[in-house]
Amino acid sequence: MKLKIAVLSGDGIGPEVTNEAIKVLKAIGTEFDHTFLFEEAPVGAIAIDKTGDPLPDATLDLCMNTDAVLFGAIGDPKYDNDPSAKVRPEQGLLKLRKSLGLFANIRPVKAYDTLLKKSPLKEEIISGTDISIYRELTGGIYFGKKELSKDGKKASDLCEYSEYEIKRVAHLAFKAAQNRSKKVTLVDKANVLETSRLWRKVVGEIAAEYPDVTLDFLFVDNAAMQMILNPKQFDVILTENMFGDIISDEASVIGGSIGLLASASVGEKYALFEPIHGSYPQAKGKGIANPIASILSAAMLLDHFQLFDEAALIRKAVDKSLQLEITTPDLNEKTDMVSTSKVGDFIEDFIYNPNDTCLNFSNIHLGQSTII
Ligand code: IPM
Ligand code: MN
């Protein structure tokens, strides 16, 4: 297969982790005889520095003329600490999602057996957790009208949803549940919000088309609590934009590090793949950022194009790296010598030599010994 991939690595650690995902995709291309062409374009704070615009037209054009987008991270403290900034890096990502019509953001959350001890949550609570979060991505309070009064003393953000916006993401969630444990939990705040009541009505109606799937409802405050009390109860979580943003960061604690969580954002025509973590500016250039979320986002990209064996091999390589503790410091207290690129090297190497011995890999890549 030939795929043209736009690379928008963005700010902070974005470029470092995206590089590792590209390395891994290139290895897959070689092993499975695919041609992946990568073309880079600026987005976020670096794009503002270069052009004054967090999503320059040329970047958007590139995304519209490629098969998929591989996205890094966005954000810079100089904007976070300046509430009066008119142009913000995040606007680039939001405009990109809207312009490409990426209405569904899929965030898988899994407790890896080898990492159960890394989570601050108890092993018996998280072990076996396997959740797929379907977050609506182009509506709700993120995109509603925003106002600030002239005297700067009053502000508002409008939260709007249409039946159409709810339906299209809900269908994807139900279809996903049919191939999983056949349960959808709609997370909302229907005891307070009109938009949430519309979600309940529309999703309730759609459920009738999927008789093999059970539909549950949970208020978001309760869902936040259930996520750490008993995450195993969840299969597919369906929710609106803002709740999905919050719940998915919370859920990342189950995996032991936010550096492991990948995502796919899909629409009718385009698809974008990105780690759920931010730009982690404190770590920029230090080689300590975990590239696995980005690498697993690349695996989701392959799944999207039905390259299931290829995606499975990446996941197998990731599992192996976690099992051997070839991991960055967020998951590795013992040593800080496994850098971002070492993790990528290991995963790349595994793809080329999946049947090699574990010892060989770990020794070579940790630089401890080449004797096996
Ligand atoms: C995410 C991020 C974004 C969001 C930011 C960077 C705009 O937190 O992808 O979860 O809020 O959607
Ligand atoms: Mn977020």
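Order of appearance sets the numbers: ligands from 1, and atoms from 1 within every ligand.
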Atom CG of D57 with >12 non-hydrogen neighbours under 6.0 angstrom:
no
Distances only, to 0.1 Å: what are the N or O pairs between ligand 1 and the protein that fall under 3.5 Å?
from     : atom 1 : to   : atom 2 : distance (Å)
ligand 1 : 8 (O)  : D245 : OD1    : 3.4
ligand 1 : 9 (O)  : R97  : NH2    : 2.7
ligand 1 : 9 (O)  : R107 : NH2    : 3.0
ligand 1 : 10 (O) : R107 : NH1    : 3.4
ligand 1 : 10 (O) : R107 : NH2    : 3.0
ligand 1 : 10 (O) : R135 : NH1    : 3.3
ligand 1 : 10 (O) : D245 : OD1    : 2.9
ligand 1 : 11 (O) : Y142 : OH     : 2.5
ligand 1 : 12 (O) : R97  : NH1    : 2.7
ligand 1 : 12 (O) : R135 : NH1    : 3.3
ligand 1 : 12 (O) : R135 : NH2    : 2.8

For residues Q323 and Y112, is any side-chain donor paired with an opposing acceptor at under 3.5 Å?
no
Any salt bridge linking D303 with R315? Criterion: basic side-chain nitrogen under 4.0 Å from a carboxylate oxygen.
yes
Ring-plane angle category for F350 and F346, please: parallel below 30°, perpendicular beyond 60°, tilted otherwise.
tilted
Test Y270 against every option in V69, L102, T66 by the side chain to side chain contact (heavy atoms under 4.5 Å, CB included) rule and name the one that passes.
L102
Can you name the one residue among I295, I276, T327, I292 that meets side chain to side chain contact (heavy atoms under 4.5 Å, CB included) with L260?
I292
Determine whether L137 and N241 make a side-chain contact, defined as any pair of heavy atoms from C-beta on separated by less than 4.5 Å.
yes
Atom NZ of residue position K284 - does it have more than 12 heavy atoms of other residues, nucleotides or ligands inside 6.0 Å?
no
Using only atom types and a distance under 3.5 Å, with no angle test, would you say the side chain of S248 pairs donor to acceptor with the backbone of D245?
yes
Taking the Mn ion (ligand 2) as the centre, count the protein N/O/S atoms lying under 2.8 Å from it.
1
